[in-house]
Chemist: 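Sharing a structure with you now.
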Amino acid sequence: MGILMKGIDVAAAMKEELIKEAGLLKEGGIIPCLAIIRVGSRKDDLSYERGAKKRMDMIGIECRVMELPEDISQKEFEEVFRKVNDDTSVHGILLFRPLLKHLDEEPVRRMIHPLKDVDCMSDVNLLKVFDGDGTGYAPCTAEAVMKMLKHYNIDLKGKNTTVVGRSMVVGKPLSMLLLKENATVTICHTKTENLAKICKNADVLVAAAGKAKMITADMVGDGAVVVDVGINVDEEGNLCGDVDFEGAEQKSSYISPVPKGVGSLTTSVLAEHVIRAAKELSQSSTDR
Ligand code: NDP
């Protein structure tokens with residue numbers, strides 16, 4: 001039966017160091033600050049925002065929320081974004097995406113200061129992730145998976161690692177982070193043939209497809225490490241992952257649950273990025 005990889009345990013291990021770092025910044029006159037830009041009031045966004053605010057507060061990071069009306073025009077949206085981007089007291093920006101259909105995210109993706117881009121929406125940071133250059137910010141969820149694997153001392157070097165999902169937010173950047181750790185990475189998607197066989201062959205299997213319980217026990221190899229990124233609702237209306245937990249748990253050596261898995265760790269990674277951004281931005285302003 002697999003050892004449970006709990007997001008809250010990893011978050012707890014990160015907490016003290018982050019509090020210390022935020023304290024040091026404050027002693028130097030810098031209050032680390034995250035700006036959240038939200039258009040409308042989507043339930044998922046509100047739920048993530050609550051978690052992020054709580055985590056920032058716990059660490060000692062100021063969190064400002066710009067709540068914008070659903071009918072905001074592209075011009076007004078860009079103006080707000082520019083103002084936040086130019087505000088020297090803001091160190092990190094989190095924009096909830098996808099945006100509403102009438103809004104284009106491309107101009108703000110190009111506009112965002114790379115050092116404030118704490119959830120990796122700009123090409124600069126994406127390129128760094130794909131280049132294996134650790135100086136940028138990876139998307140928080142992808143990095144949360146890496147933090148979890150590291151916390152549980154999972155050796156990735158040379159290991160068959162399969163990622164189910166190829167989005168630019170999770171699957172692809174995560175595959176690049178795994179590759180950087182010298183894993184042998186296979187990326188699967190809806191057109192993949194023999195998905196079950198490929199999954200079963202994996203030493204480390206990451207599910208990021210957004211399909212409730214699609215990874216069944218027969219798709220998990222004996223002793224595999226299973227990380228479940230999916231957040232879904234099952235037929236009974238309960239939160240569940242992409243992995244059929246009960247069956248997969250029996251086969252795995254390590255397994256992350258949903259809820260209380262990767263999702264509980266994402267805001268800690270976000271906090272870590274904001275602290276880093278505050279340090280790097282203050283450094284770049286003193287260098288000038
Ligand atoms: P997307 O819908 O953007 O991408 C899903 C990917 O999974 C696609 O590449 C798709 O393939 C692939 N896929 C879907 N169904 C199957 C299938 N049956 N077999 C194989 N591949 C499949 O989702 P995201 O990447 O944004 O998110 C993935 C999951 O992670 C979701 O459940 C989301 O809620 C969750 N999530 C969790 C976060 C957290 O903090 N824990 C944060 C962000 C997301 P194709 O490209 O061919 O369509």
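In each ligand, atom 1 is the first atom listed, and ligand 1 is the first ligand listed.
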Chemist: How many angstroms lie between OG in Ser268 and CG in Leu18, if you round to the nearest 0.5 Å?
Modeler: 7.0 Å
Chemist: Could you walk me through whether Glu70 and Ser41 pass the side-chain contact (heavy atoms from CB on, under 4.5 Å) test, one step at a time?
Modeler: CA-CA 8 Å; Glu70 282 189 3; Ser41 311; 5.8 Å; no
Chemist: With a 4.0 Å cut-off on heavy atoms, is Thr266 touching ligand 1?
Modeler: yes
Chemist: Does Leu46 have more than 12 heavy atoms from other residues, nucleotides or ligands lying within 6.0 Å of its CG?
Modeler: yes
Chemist: Judged on heavy-atom distance to atom 5 (C) of ligand 1, which of Ser167, Ala209, Pro98, Gly241 sits nearest?
Modeler: Ala209
Chemist: Hey, what do you get for CD1 (Ile36) to CG (Leu270), rounding to the nearest 0.5 Å?
Modeler: 7.0 Å
Chemist: Which residue and non-hydrogen atom of the protein lie closest to atom 44 (C) of ligand 1, and at what distance in Å?
Modeler: Val170 CG2, 4.0 Å
Chemist: Under the 3.5 angstrom rule, does the side chain of Asp242 hit a backbone N or O of Lys211 as a donor-acceptor pair?
Modeler: yes
Chemist: Look up atom 2 (O) of ligand 1 and tell me if a protein heavy atom lies less than 4.0 Å from it?
Modeler: no
Chemist: Looking at Ser253 and Gly223, would you say the former's side chain and the latter's main chain have a donor-acceptor pair under 3.5 Å?
Modeler: yes
Chemist: Give the residue, atom name and distance (to 0.1 Å) of the protein heavy atom nearest atom 6 (C) of ligand 1.
Modeler: Gly165 CA, 3.6 Å
Chemist: Provide the number and element of each atom of ligand 1 under 4.0 Å from a heavy atom of Asn232.
Modeler: 32 (O)
Chemist: Short list, please: which atoms of ligand 1 are under 4.0 Å from a heavy atom of Gly263?
Modeler: 40 (O), 41 (N)
Chemist: One residue to check: Ile231. Relative to ligand 1, which of side chain, backbone, both or neither has a non-hydrogen atom less than 4.0 Å away?
Modeler: both
Chemist: Polar contacts were defined as any N/O atom of the residue lying under 3.5 Å from an N/O atom of the ligand; does this apply to Val164 and ligand 1?
Modeler: no
Chemist: Who's the nearest protein heavy-atom neighbour of atom 21 (N) of ligand 1, and how far?
Modeler: His189 C, 3.2 Å
Chemist: Would you say Glu106 has more than 12 foreign heavy atoms packed within less than 6.0 Å of its CD?
Modeler: yes
Chemist: For atom 19 (N) of ligand 1, what's the nearest protein heavy-atom neighbour? Residue, atom name and distance, please.
Modeler: Met214 CE, 3.5 Å
Chemist: Which protein non-hydrogen atom lies closest to atom 42 (C) of ligand 1, naming both residue and atom, and how far is it?
Modeler: Thr141 OG1, 3.1 Å
Chemist: Does Asp45 use its side chain to pair, donor to acceptor, with the backbone of Arg38 at less than 3.5 Å?
Modeler: no
Chemist: For atom 35 (C) of ligand 1, grab the closest protein heavy atom and report residue, atom and distance to one decimal in Å.
Modeler: Val229 O, 3.5 Å
Chemist: Answer with yes or no whether the side chains of Arg64 and Ser89 bring together a donor and an acceptor at under 3.5 Å.
Modeler: yes
Chemist: Which of the numbered atoms in ligand 1 are under 4.0 angstrom from any heavy atom belonging to Arg166?
Modeler: 6 (C), 8 (C), 9 (O), 45 (P), 46 (O), 47 (O)
Chemist: Who's the nearest protein heavy-atom neighbour of atom 28 (C) of ligand 1, and how far?
Modeler: Ala208 O, 3.5 Å
Chemist: Testing Arg82, Lys83, Lys75 one by one against Glu79 for a salt bridge (charged side-chain N to carboxylate O under 4.0 Å, His left out), which residue passes?
Modeler: Lys75
Chemist: Using a heavy-atom cut-off of under 4.0 Å, does the side chain or the backbone of Thr190 touch ligand 1, or both, or neither?
Modeler: both
Chemist: Measure the distance from atom 15 (N) of ligand 1 to every protein heavy atom, then report the residue, atom name and distance (to 0.1 Å) of the closest one.
Modeler: Lys211 CG, 3.4 Å
Chemist: Between His189 (side chain only) and Ala209 (backbone N and O only), is there a donor and an acceptor less than 3.5 Å apart?
Modeler: no
